[in-house]
Amino acid sequence: MPDCRKVDEAARLPRGFYNRDTVTVARELLGKWLVHRADGRCRAGRIVEVEAYLGPGDLAAHTSRGRTKRTEAMFGPPGHAYVYLIYGIHHCMNVVTGPEDSGTAVLLRALEPVCNLGDNTHGPGRLCKAMGIDLRHYGADLCGDELFLLRPPSEPAIEIVSRPRIGVDYAGEWAKKPLRFYVRGSGFVSKK
DNA sequence: AGGATGATATCC
DNA sequence: GATATCATCCTC
């Protein structure tokens, strides 16, 4: 099991990483580490499942209903967090991608524990709970020092599987598009 | 299969 | 100001 000390020797993902095509970013986020430093504690997990949301034209994306106070962060500049509360209980975290105003983002759905996480890290709600992410992180700069992503010290080759996104049946044709990506064989991805 | 639980969008 | 709707998870 990798160690949290390795966080300091790993390369932080630069702003430019996020300022690209959303599907490209989604696929490349697999295998990267999500790190949260707070209260003198460092929590980290390896991203193994994500979903791409392609902006106002994507009927499954929150930004398809236009710019609102809630979706403001998703329309913001890349490399920031779009966090929202769902079903009154769970938080979900997205990484904002593409140029500012594009309204595109990648939902983080599952992690493999790296350090200081329990084993309840699969599923977007449990991911946020394990990482201690909530609405305080709405709009947080992922190039900052508290919540960030990095390229791990060693990044093993992975095989990427693409499938339809989960929980977006209302989105018509968009519900069928294979915009969910996960690491084959991880064992920590959503069933289905 | 259904309930929890609250922010938000979309209606009056 | 009321209400319907959730990019979910847990329990029954």
Select base, sugar-phosphate, or nothing to describe what A:Met74 touches, counting heavy atoms under 4.0 Å on all strands.
base
Determine yes or no for a side-chain-to-main-chain donor-acceptor pair under 3.5 angstrom, with A:Glu51 supplying the side chain and A:Ile166 the backbone.
yes
How many angstroms lie between atom NZ of A:Lys32 and atom CG of A:Leu111, to the nearest 0.5 angstrom?
14.0 Å
Between B:dA7 and A:Tyr84, is there a base-stacking contact, meaning the centre of the base's six-membered ring lies under 5.5 Å from the residue's ring centre while the planes stay under 30° apart?
no
All ring pair (Phe, Tyr, Trp, His ring centres under 6.0 Å) counterparts of A:His90, not counting sequence neighbours:
none
Scan nucleotides 10-12 of chain B against the protein and return all N/O pairs shorter than 3.5 Å with their distances rounded to 0.1 Å.
none

Is a donor on one side and an acceptor on the other found under 3.5 Å between the side chain of A:Asp39 and the backbone of A:Arg41?
no
Polar atom pairs between nucleotides 4-6 of chain B and protein, under 3.5 Å, N or O only, would you list them?
unit_1: B:dT5; atom_1: O2; unit_2: A:Tyr87; atom_2: O; d: 2.2
unit_1: B:dG6; atom_1: N2; unit_2: A:Gly88; atom_2: N; d: 3.4
unit_1: B:dG6; atom_1: N3; unit_2: A:Gly88; atom_2: N; d: 3.4

Those residues at least two apart in sequence (or on a different chain) that pass side-chain hydrogen bond (donor to acceptor under 3.5 Å, both in side chains) with A:Thr68 are A:Thr71
Each stem that DNA chain B is part of, given as range with range (3 or more consecutive Watson-Crick or G-U pairs, under 3.5 Å):
B:1-4 with C:8-11, B:6-11 with C:1-6
Assess whether atom CZ of A:Arg65 is packed by more than 12 heavy atoms of other residues, nucleotides or ligands within 6.0 Å.
no
Just how far is it from atom CZ of A:Phe75 to atom CG of A:Asp101, taken to the nearest 0.5 Å?
8.0 Å
Taking A:Ala52's backbone N and O only, do any of them form a donor-acceptor pair with A:Arg165's side chain (distance below 3.5 Å, no angle check)?
yes
Can you list, pair by pair, the side-chain donor-acceptor contacts under 3.5 Å of residues 136-145 of chain A, counting residues two or more places apart and other chains?
unit_1: A:Arg136; atom_1: NE; unit_2: A:Asp134; atom_2: OD1; d: 3.0
unit_1: A:Arg136; atom_1: NE; unit_2: A:Asp134; atom_2: OD2; d: 3.3
unit_1: A:Arg136; atom_1: NH2; unit_2: A:Asp134; atom_2: OD2; d: 3.2
unit_1: A:His137; atom_1: NE2; unit_2: A:Gly132; atom_2: O; d: 3.4
unit_1: A:Tyr138; atom_1: OH; unit_2: A:Lys69; atom_2: O; d: 3.2
unit_1: A:Tyr138; atom_1: OH; unit_2: A:Arg70; atom_2: O; d: 2.6
unit_1: A:Tyr138; atom_1: OH; unit_2: A:Glu72; atom_2: N; d: 3.4
unit_1: A:Tyr138; atom_1: OH; unit_2: A:Ala73; atom_2: N; d: 3.0
unit_1: A:Asp141; atom_1: OD1; unit_2: A:Arg15; atom_2: NH1; d: 2.9
unit_1: A:Asp141; atom_1: OD1; unit_2: A:Arg15; atom_2: NH2; d: 3.2
unit_1: A:Asp141; atom_1: OD1; unit_2: A:Cys143; atom_2: N; d: 2.9
unit_1: A:Asp141; atom_1: OD2; unit_2: A:Arg15; atom_2: NH2; d: 3.1

Separation of A:Leu30 CG from A:Glu49 CD (nearest 0.5 Å)
9.0 Å
Below 4.0 angstrom from OP1 or OP2 of C:dC6, is there any side-chain N or O of A:Arg70?
no
